[in-house]
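Residue numbers run from 1 in the order of the sequence given. When a ligand or atom number is given, it counts from 1 through the structure's own listing order.
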Amino acid sequence: MIAERPEVEAAACADDRPSQTIVVIGTGQAGGWAAQTLRSEGFTGRLVLVGEEAHPPHERPPLSKAVLSGAALPETTRLMKPEAFDALGAQWRPNVQVLRIDRAAKLVMLFNGEALPYDKLILCTGGRARRLALPGSDQVQLNTLRTIEDAQALAPALTSGRSVVVVGGGWIGLEVAATARQQGADVVVVETQSRLCERTVPAEISEYLLELHRAQGTRVMLGAGVQGFSRAADGRSEVLLADGSALSCDTIVLGIGLVPNDELAREAGLACEGGVLVDAQCRTSDPDILAAGDVAVTPNPWAGRRLRLESWQNAQEQGIAAARSALGHAVDYQPLPWFWSDQYGMNLQIYGVPTPAHRVVQRGDKASGSFVLFYLAGDVVQAAIGPNAARDLRFARRLIEQRKPVDAERLADLGTPMSKL
Ligand SMILES: Cc1cc2nc3c(=O)[nH]c(=O)nc-3n(C[C@H](O)[C@H](O)[C@H](O)COP(=O)(O)OP(=O)(O)OC[C@H]3O[C@@H](n4cnc5c(N)ncnc54)[C@H](O)[C@@H]3O)c2cc1C
């Protein structure tokens, strides 16, 4: 997917431009990978990493899982060991927001008044948790989960004897619900849509997730709109529902999606549409500005349309691709989407983009807790989803990438090893 070029070319490229400056905005996963890649591909110029957060580049998946449950420390989310980060020789500006990009002067203007010149700029600004402005929003504490600080603030509330209402039955909401439940909290998930993760998985997987959560004692309310919030006389929070009822709880968590941080790009006049538009070389409408990760909207041949992927895989691979592209290497970033989620010890993985038009072939028994649903167009597998089936799904990925026709009966037959398909 990311075109390879010989090492020698990378070195030559770096030597050609020793005085270049590359600025990376955002020290999440995409920004961290972009920075590492610039150096590993031989960039010897000035590398500046600007991040609003206090932390060096880090990954977010553990924040709703091991860090939230207290099983892992926040430091474990770091992308690099401190020595490796120092070895990058990057000028790191933590705790500072970029205010503006001056494309004419090729300057990045920081909140602290500093102006950073750039030759190439890589936007890895990710996104922020969506908030709800409803009546009573200011009367209660509405928690969200995006940052290390969010996880640290929320963790103490998810304990036995405490009650939590999670607004939103998407991935973050369900992972928070699962972690809270495993910590012994009483959990209610309130979802406006008629099924869980409606935007990202087919109905049969929504049904599986619903059964999983209910079996663990989480109350899931579907088709339940939230109209507002209030503070009850006893000091507890209340979530007011559209049917006139109210849910009283100790803690409210909003898991209602992500808003891409594309304001800098928009204000700089870059083409944006629900995020920053980039091509397969990760270039925005300004060829000296690239974008990667949750903020980038990329043409995706597997979906047949542009996609803004919110996944660990994309943050890493597109961060790498953007760095290589900034160095002038040949890049053709067309990732087969891959996402995973961990809930109650169950690992669900999704490859590709299933649609209602696909024919569904099931391999394995749902009751066993491990199965794969394949989504086919004709005889070709386009997508695959399954819980606790990592091995089969690795083979499924190959089938999808090779676009090889398969026999649906053999695909469904557990007696036929996936490797033989
Ligand atoms: C709790 C949680 C659990 C997840 N679990 C999974 C999972 O199990 N599987 C999976 O595939 N994916 C998961 N994801 C998604 C995955 O973590 C994200 O897709 C990935 O972190 C995106 O990385 P990013 O670098 O693009 O953006 P971010 O991680 O959002 O980083 C962007 C950075 O840019 C900074 N920034 C923004 N604007 C500015 C500015 N103007 N100036 C300076 N800095 C700025 C931000 O502060 C932030 O530090 C999860 C995400 C979360 C939040």
Side-chain angles (χ1 to χ4, degrees), residues 23-35 48-69 74 77 79 92-101 108-112 114 116 121-130 143-151 154-155 170-176 178-179 200 253 255 257-268 275-276 278 282 291-298 308-320 322 335 337-343 346-351:
V23 175
V24 178
I25 308 180
T27 50
Q29 196 185 340
W33 273 102
V48 191
L49 263 176
V50 191
E52 225 170 11
E53 294 190 78
H55 313 282
H58 57 286
E59 299 182 348
R60 302 194 192 273
L63 299 182
S64 49
K65 309 171 185 81
V67 172
L68 192 60
S69 71
T77 63
L79 214 56
W92 177 35
R93 304 276 198 286
N95 292 312
V96 61
Q97 197 185 27
V98 173
L99 274 188
R100 198 164 60 82
I101 301 164
V108 168
M109 319 299 290
L110 307 192
F111 192 77
N112 62 11
E114 200 179 349
L116 297 170
L121 176 62
I122 308 182
L123 298 176
C124 299
T125 49
R128 56 189 182 274
R130 191 180 295 283
N143 299 281
T144 53
L145 181 52
R146 182 78 192 167
T147 64
I148 288 175
E149 288 74 14
D150 292 341
L154 196 54
W171 298 114
I172 300 288
L174 292 184
E175 290 196 352
V176 170
T179 303
T200 45
V253 185
L258 173 135
V259 180
N261 290 326
D262 64 358
E263 290 82 357
L264 280 178
R266 274 191 277 133
E267 283 158 21
V276 185
V278 296
C282 309
D294 280 13
V295 78
V297 181
T298 314
R308 191 175 58 73
L309 295 169
E310 295 172 17
S311 74
W312 179 93
Q313 170 222 20
N314 181 61
Q316 173 168 323
E317 292 184 2
Q318 201 171 22
I320 293 171
W338 172 47
F339 178 83
W340 88 88
S341 176
D342 294 322
Q343 300 169 31
M346 179 278 306
N347 171 260
L348 184 87
Q349 298 193 29
I350 308 172
Y351 283 102

Counting heavy atoms only, name the option from [options] that's nearest to [atom].
atom                    : options                    : value
atom 44 (N) of ligand 1 : Arg100, Glu52, Glu53       : Glu52
atom 30 (O) of ligand 1 : Arg146, Glu59, His55       : Arg146
atom 17 (O) of ligand 1 : Ala54, Gly31, Pro61, Gly26 : Pro61
atom 38 (N) of ligand 1 : Asp150, Leu145, Thr125     : Thr125
atom 25 (O) of ligand 1 : Ala30, Pro260, Gly32       : Ala30

message = What's the separation between atom NE2 in His55 and atom CG in Leu79, rounded to the nearest 0.5 Å?
response =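 If we round to the nearest 0.5 Å, His55:NE2 and Leu79:CG are 14.0 Å apart.
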key: Nearest neighbour in protein (non-hydrogen) for atom 11 (O) of ligand 1   =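 Heavy-atom neighbour on the protein nearest atom 11 (O) of ligand 1: Trp312 N, 3.0 Å.
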Salt bridge or not between [X] and [Y]? Use side-chain N to carboxylate O under 4.0 Å.
X      : Y      : answer
Glu53  : Arg60  : yes
Arg128 : Glu263 : yes
Arg146 : Asp294 : yes

Any idea which atoms of ligand 1 are less than 4.0 Å away from a heavy-atom of [X]?
X      : result
Ala315 : 20 (C), 22 (C), 23 (O)
Gly293 : 26 (O)
Asn261 : 37 (C)
Val96  : 43 (C)
Gly28  : 25 (O), 29 (O), 31 (O), 33 (C)
Cys124 : 32 (C), 33 (C), 34 (O)
Asp294 : 18 (C), 19 (O), 20 (C), 22 (C), 26 (O)
Gly127 : 30 (O)

Any donor-acceptor pair under 3.5 Å from [X] side chain to [Y] backbone:
X      : Y      : result
Gln29  : His58  : no
Thr179 : Ser64  : yes
Glu175 : Asp342 : yes

query = Is it the side chain (CB and beyond), the backbone, both or neither of Asp342 that lies under 4.0 Å from ligand 1, heavy atoms counted?
reply =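 Under 4.0 Å from ligand 1, Asp342 contributes no heavy atoms.
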query = Where does Lys65 meet ligand 1, judged by heavy-atom distances below 4.0 Å: at the side chain, the backbone, both, or neither?
reply =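 It is the side chain that gets close, since no backbone atom is under 4.0 Å.
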inquiry  = As a quick check of understanding, evaluate side chain to side chain contact (heavy atoms under 4.5 Å, CB included) for Ile101 and Met109, giving each step before the final call.
reply    = CA-CA 6 Å; Ile101 301 164; Met109 319 299 290; over 6 Å; no
task = Of all the heavy-atom pairs spanning Gln318 and Ala291, show the shortest one and how long it is.
result =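 Distance-wise, the nearest heavy atoms are NE2-O, 4.1 Å.
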request  = Might you point out which heavy atoms bring Leu63 and Leu68 nearest each other, and give the distance in Å?
outcome  =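 Shortest heavy-atom contact: O-CB, 3.2 Å.
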